[in-house]
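Positions are given from 1 along the sequence. Note: hydrogens, waters and symmetry copies are ignored here, and every other heavy atom, side chains too, is used.
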Amino acid sequence: YSIGGHSALKAAADGLPEPFKAVAVVSTPLDLAQSQAHIDAPSQAVYRRFLLSLLNDIYETESRRGNLPMPPAGLASAESLRDYDALLTAHRGDGRGCVDTFYREASARWVLDKIQTPVLAVISPNDPMIPTTAVQACLEEHRHRVDLRLAPGGHIYFPDHTDIGEPGPKGLLEQI
């Protein structure tokens, strides 16, 4: 789901161990720059504040373990996802501290052609975090590699009766 699906695609591009036969991703951003622009749009203010709050909570928890590039208070001032990411990438320490470079290098969009495993991608046309048009644009040249299915719902929420066109019981997990 969500950024976890993004991580699964990046792992699949590196090659998956033999037991894995396919990858399914749900509500997954493929191009981080496009997703960031969507989340930072004025119409997404409620979701953006919620996401930044979650990210700050996670960062605060992880900061207690040490080895993070900056104190949590430095990120709390970010009012957009781009600002948040820019603050973090500025502290990468590898000379590539530009947020645009990070988005380009980290986005799964650019490694889809390396994935040998079949991929099922499920997204909702009403997803408040991941714009369907951005996913479809990313998959344009990879239609033969990624099976895109649209389903009603929202970001990581799908009704119990979700049907993505597969045989068997209804429900997203059952259909996958």
Side-chain angles (χ1 to χ4, degrees), residues 1-17 19-20 22-112 114-115 117 119-124 126-132 134-135 138 153-159 171-173 176:
Y1 286 91
S2 195
I3 202 71
H6 184 271
S7 298
L9 291 172
K10 295 282 283 190
D14 290 338
L16 295 172
F20 289 92
V23 176
V25 296
V26 179
S27 299
T28 296
L30 299 177
D31 186 312
L32 297 178
Q34 288 181 357
S35 294
Q36 168 270 307
H38 177 75
I39 291 167
D40 283 346
S43 64
Q44 301 300 324
V46 170
Y47 296 106
R48 180 177 52 261
R49 282 193 296 272
F50 176 70
L51 177 62
L52 289 171
S53 173
L54 286 176
L55 290 172
N56 283 326
D57 288 349
I58 293 167
Y59 196 89
E60 173 74 36
T61 299
E62 290 301 312
S63 73
R64 292 186 206 119
R65 297 179 190 184
N67 298 324
L68 292 177
M70 64 186 305
L75 291 172
S77 65
E79 294 184 16
S80 69
L81 187 58
R82 183 175 180 82
D83 289 346
Y84 188 93
D85 291 340
L87 286 167
L88 284 177
T89 56
H91 290 86
R92 281 176 73 176
D94 60 4
R96 300 178 301 166
C98 170
V99 70
D100 293 316
T101 300
F102 168 72
Y103 287 152
R104 169 90 174 138
E105 291 175 355
S107 290
R109 174 185 194 163
W110 312 115
V111 298
L112 291 173
K114 296 178 183 175
I115 298 174
T117 310
V119 175
L120 170 66
V122 180
I123 190 165
S124 169
N126 301 319
D127 192 316
M129 302 290 233
I130 311 299
T132 307
V135 172
C138 292
H155 195 71
I156 72 172
Y157 165 77
F158 292 86
L172 184 61
L173 293 180
I176 289 174

Practice prompt. Compare every heavy atom of P159 with every heavy atom of G153, then report the nearest pair and how far apart it is.
Written response: CA-CD, 4.1 Å
Worksheet, complete the sentence: With sequence neighbours left out, the residues meeting salt bridge (Lys or Arg N to Asp or Glu O under 4.0 Å) with R82 are D100
Worksheet item: Between S2 and H155, is any side-chain donor less than 3.5 angstrom from a side-chain acceptor?
Response: yes
Worksheet item: With a 4.5 Å limit on heavy-atom distance, are the side chains of R48 and Y84 in contact?
Response: no
Item to complete: Tell me, please, which residues at least two apart from Y103 pass side-chain hydrogen bond (donor to acceptor under 3.5 Å, both in side chains).
Response: D85
Discussion item. Show the nearest heavy-atom pair for residues S124 and T132, with the distance to one decimal.
Written reply: O-OG1, 3.1 Å
Fill in: Nearest non-hydrogen partners of Y47 and M129, listed with the distance
CB-SD, 3.7 Å
Worksheet item: Which pairs count as side-chain hydrogen bond (donor to acceptor under 3.5 Å, both in side chains) when at least one residue sits in residues 30-42, sequence neighbours excluded?
Response: D31-R109, Q36-D40
Worksheet item: Taking only residues two or more places apart in sequence or in another chain, which ones pass side-chain hydrogen bond (donor to acceptor under 3.5 Å, both in side chains) with Q44?
Response: none
Worksheet entry | Exercise: identify the closest heavy-atom pair between L87 and G74 | CD1-O, 3.4 Å
Worksheet item: Does D83 have any side-chain hydrogen bond (donor to acceptor under 3.5 Å, both in side chains) partners at least two apart in sequence or in another chain, and if so, which?
Response: S80
Without placing hydrogens or testing angles, list every side-chain donor-acceptor pair under 3.5 Å for residues 4-15, not counting sequence neighbours.
unit_1: H6; atom_1: NE2; unit_2: A106; atom_2: O; d: 3.2
unit_1: H6; atom_1: NE2; unit_2: A108; atom_2: N; d: 2.8
unit_1: S7; atom_1: OG; unit_2: I3; atom_2: O; d: 3.3
unit_1: K10; atom_1: NZ; unit_2: E105; atom_2: O; d: 3.2
unit_1: K10; atom_1: NZ; unit_2: A106; atom_2: O; d: 3.4

Item to complete: Answer yes or no: is there a donor N or O on one side and an acceptor on the other, between the side chain of T117 and the main chain of L16, under 3.5 Å?
Response: no
Discussion item. Side chains of V26 and I123, heavy atoms from C-beta outward: is any pair under 4.5 Å?
Written reply: no
Response to the item:
Closest heavy-atom pair, A24 versus I176, reported as atoms and distance to 0.1 Å, is CB-CG2, 3.6 Å
Worksheet entry | Test side-chain contact (heavy atoms from CB on, under 4.5 Å) applied to V122 and L120, step by step | CA-CA 7 Å; V122 180; L120 170 66; 4.2 Å; yes
Fill in: Atom CD of E62 with >12 non-hydrogen neighbours under 6.0 angstrom
yes
Worksheet entry | Worked check of side-chain contact (heavy atoms from CB on, under 4.5 Å) between W110 and S107 | CA-CA 6 Å; W110 312 115; S107 290; 3.7 Å; yes
Discussion item. side-chain contact (heavy atoms from CB on, under 4.5 Å), that's the test. Do Y1 and Y157 meet it? Break it down for me.
Written reply: CA-CA 10 Å; Y1 286 91; Y157 165 77; over 6 Å; no
Worksheet item: Do V99 and L88 pass the side-chain contact (heavy atoms from CB on, under 4.5 Å) test, and can you show the C-alpha distance, the side-chain angles, and the key distance before you say yes or no?
Response: CA-CA 8 Å; V99 70; L88 284 177; over 6 Å; no
Worksheet, complete the sentence: In L52, V46, L51, the residue satisfying side chain to side chain contact (heavy atoms under 4.5 Å, CB included) with R49 is V46
Discussion item. Testing T28, D127, I130 one by one against V135 for a side chain to side chain contact (heavy atoms under 4.5 Å, CB included), which residue passes?
Written reply: I130
